[in-house]
Amino acid sequence: MTSQRTYDVAVIGAGVFGAWTALNLVRRGKRVILLEAYGPGHSRSSSGDESRIIRMGYGKDEIYTRWAQRSLAQWKELFAATRNEALFQQTGVCWFAAEKDSTLRASREVLTRCGVNYKELDRDALVSRFSQIDLGGIGEGIFEPESGVLMARRAVAAVVAEAVRVGVEYRTVRVEAPSGSGKTNKIVCGNSGELVHAGEYVFACGPWLANLFPRNLGQRIFVTRQAVFYMSVPAGDERFSPPALPTWLIQNEEWYGMPNLESRGLKVALDRHGEAVDPDTQLRVVTQEEVNEVREYVARRFPALRGAPIAETRVCQYENTSNGDFLIDRHPEMENVWFAGGGSGHGFKHGPALGEYVTSRILGEASAEPRFALAAKETVQHRAVY
Ligand SMILES: Cc1cc2nc3c(=O)[nH]c(=O)nc-3n(C[C@H](O)[C@H](O)[C@H](O)COP(=O)(O)OP(=O)(O)OC[C@H]3O[C@@H](n4cnc5c(N)ncnc54)[C@H](O)[C@@H]3O)c2cc1C
């Protein structure tokens, strides 16, 4: 069976990257179809947890600070227009680091240059403000009062709903990767054999990109297991809720978390890359080793939560590039096939800016950013962007 309609662009994958790409394209007058195997922000996708941090600090990597600024404005605009204001929680974001931390220093310089509102906190200020945290080894911090948390899976659903409202056609189907070279004129839906014809094809398939395009990306997208915990807080205790506790990142230890949002408990996760996994087959249950590690950490940094019950867990995956820069580029052989992925554990917040960039590349309005090029992706990991 062949689809009767032809589209300007087919976007494959309705995670945060595909959703914002489809919305940006339709706003620019393009006829767009969005094809998703399971559902927008489904629970096995990288966008599928309850919450994701949006922060401006990126060390020296100014491009991501600027993208986060642009994106926060667009997230808020979308939520206001669709009466979804609660999908952004302005908890503030606090970075904690040892004294004279070089990444914090670089962040301060970039935040100042970009006009981001932030506050420097010395150890005394941190200690008096955050008595619920054991600040051993922490010498300084940065507080971003306007940053916070995006309620991730519902935010993706809101973007897709808005895209559909303004004209995107959405379908739940699994798409086969195209093959050949030159211009592709169709893709095949795996379930039905239906053909979809479009001028351009954007594959925003997150951790599935490596399996779809094994020859080009099999060695260049590193999919890693990441466990997330929600720790119960004591009854009647507001110390772990905003505004008493903001979203927090402890620079040198790779642990981060969010305050008690929507009464789910304190969210805690380790940003260190876990073992290599396949998004279709990995076990979505936390291991005893992961439980022990988080319990030990929480007991050390949040003494009042020593032995606290674990309220919920998630097991997700990062889709890392070799250094953490996104992958946004044309397929090397198929000139109208694009990759948009490589979120690398920090991509969610940037959905709006990424959608804007992909759109302007397709429309021929933006020059290519070398950091996002396929040619810049290596086959050995040396993480540089956090
Ligand atoms: C534990 C964890 C914590 C994170 N924390 C943060 C954070 O605090 N802040 C932040 O900014 N980022 C964070 N990230 C990163 C961020 O969540 C991801 O980079 C981002 O969600 C990636 O979105 P995506 O659209 O590329 O991929 P996905 O959300 O995985 O979407 C890809 C979609 O493509 C679909 N698909 C795949 N193959 C096909 C096919 N053949 N046909 C049709 N559809 C297909 C899938 O079903 C899926 O829905 C975190 C990630 C994890 C895992």
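Just follow the structure's listing: the first ligand is 1, and inside any ligand the first atom is 1. For this chain, numbers begin at 1 and follow the sequence in order.
- Atom 15 (C) of ligand 1 has G345 C, 3.4 Å as its closest protein atom, hydrogens excluded (heavy atom only).
- Separating the CE atom in M334 from the OG atom in S179 is a distance of 6.5 Å, to the nearest 0.5 Å.
- Annotation for ligand 1: atoms under 4.0 Å from non-hydrogen atoms of Y38 are 47 (O).
- For atom 44 (N) of ligand 1, the nearest protein heavy atom (residue, atom name, distance) is A37 N, 3.1 Å.
- At least one heavy atom of E319 sits closer than 4.0 Å to an atom of ligand 1.
- Residue W208 approaches ligand 1 through these ligand atoms, each under 4.0 Å from one of its heavy atoms: 30 (O), 37 (C), 38 (N), 46 (C), 48 (C).
- Ring centroids of F339 and F213 are separated by less than 6.0 Å, placing the two rings close together.
- At under 3.5 Å, not a single nitrogen or oxygen of Q226, backbone or side chain, sits near a nitrogen or oxygen of ligand 1.
- Scanning the protein heavy atoms around atom 6 (C) of ligand 1, the nearest turns out to be R52 CD, 3.2 Å.
- Using a non-hydrogen distance threshold of 4.0 Å, Y256 registers as a contact of ligand 1.
- Using a 4.0 Å cut-off to heavy atoms of Q317, the atoms of ligand 1 that qualify are 53 (C).
- More than 12 heavy atoms of other residues, nucleotides or ligands shown are found within 6.0 angstrom of CZ on R44.
- The nearest heavy-atom contact from the protein to atom 16 (C) of ligand 1 is F348 N, 3.5 Å.
- Under a 3.5 Å cut-off, the side chain of E238 and the backbone N or O of S241 do not form any donor-acceptor pair.
- A salt bridge does not link D325 to K377: none of the charged side-chain nitrogens sits closer than 4.0 Å to a carboxylate oxygen.
- Using a 4.0 angstrom heavy-atom cutoff, G341 does not count as in contact with ligand 1.
- Looking only at distances, no side-chain donor or acceptor of T65 sits under 3.5 Å from a matching main-chain atom of I63.
- Residues meeting the side chain to side chain donor-acceptor pair (under 3.5 Å) test with E85, sequence neighbours left out: none.
- For the pair R83 and F79, the cation-pi criterion (under 6.0 Å, within 45° of the ring axis) is not fulfilled.
- Ranking protein heavy atoms by distance to atom 48 (C) of ligand 1, first place goes to E36 OE1, 3.4 Å.
- Ligand 1 has an N or O atom lying under 3.5 Å from an N or O atom of S47, backbone or side chain.
- Remark: ligand 1 atoms within the under-4.0 Å shell around heavy atoms of V175 are 40 (C), 41 (N), 42 (N), 43 (C).
- With distances taken over non-hydrogen atoms, the option nearest atom 30 (O) of ligand 1 out of S46, G206, G190, G15 is S46.
- Listed by atom number, the atoms of ligand 1 under 4.0 Å from A204 heavy atoms are 32 (C), 33 (C), 34 (O).
- Within ligand 1, counting atoms from 1 as listed, the ones closer than 4.0 Å to a heavy atom of V228 are 1 (C).
- In this structure, N211 does not count as a contact residue of ligand 1, since none of its heavy atoms falls inside 4.0 Å of the ligand.
- The backbone N or O of N185 sits less than 3.5 Å from a side-chain atom of Y201, completing a donor-acceptor pair.
- Interface atoms of ligand 1 facing K349, defined by a heavy-atom separation under 4.0 Å, are 9 (N), 10 (C), 11 (O).
- An N or O contact shorter than 3.5 Å is missing between C316 and ligand 1 by distance.
- Distance from atom 8 (O) of ligand 1 to its nearest protein heavy atom, with residue and atom name: I53 N, 2.8 Å.
- Remark: E253 engages R300, R301 in a salt bridge (Lys or Arg N to Asp or Glu O under 4.0 Å) (not counting sequence neighbours).
- The shortest contact between atom 39 (C) of ligand 1 and any protein heavy atom is with C205 SG, 3.8 Å.
- Around CD of E176, the count of heavy atoms belonging to other residues, nucleotides or ligands within 6.0 Å exceeds 12.
- Considering only heavy atoms from C-beta on, T172 comes within 4.5 Å of Y170 through its side chain.
- For the pair R239 and F130, the cation-pi test (distance below 6.0 Å, angle within 45°) is failed.
- No donor-acceptor distance shorter than 3.5 angstrom exists from the side chain of R174 to the backbone of A37, with no hydrogens or angles considered.
- Within ligand 1, counting atoms from 1 as listed, the ones closer than 4.0 Å to a heavy atom of H42 are 46 (C), 47 (O), 48 (C), 49 (O).
- Inclusion of G39 in the set of residues having an N or O under 3.5 Å from an N or O of ligand 1 is not warranted.
- Summary of contacts: the protein heavy atom closest to atom 26 (O) of ligand 1 is F17 CD2, 3.3 Å.
- With hydrogens and angles ignored, the 3.5 Å screen pairs no side-chain donor or acceptor of D329 with any backbone N or O of A373.
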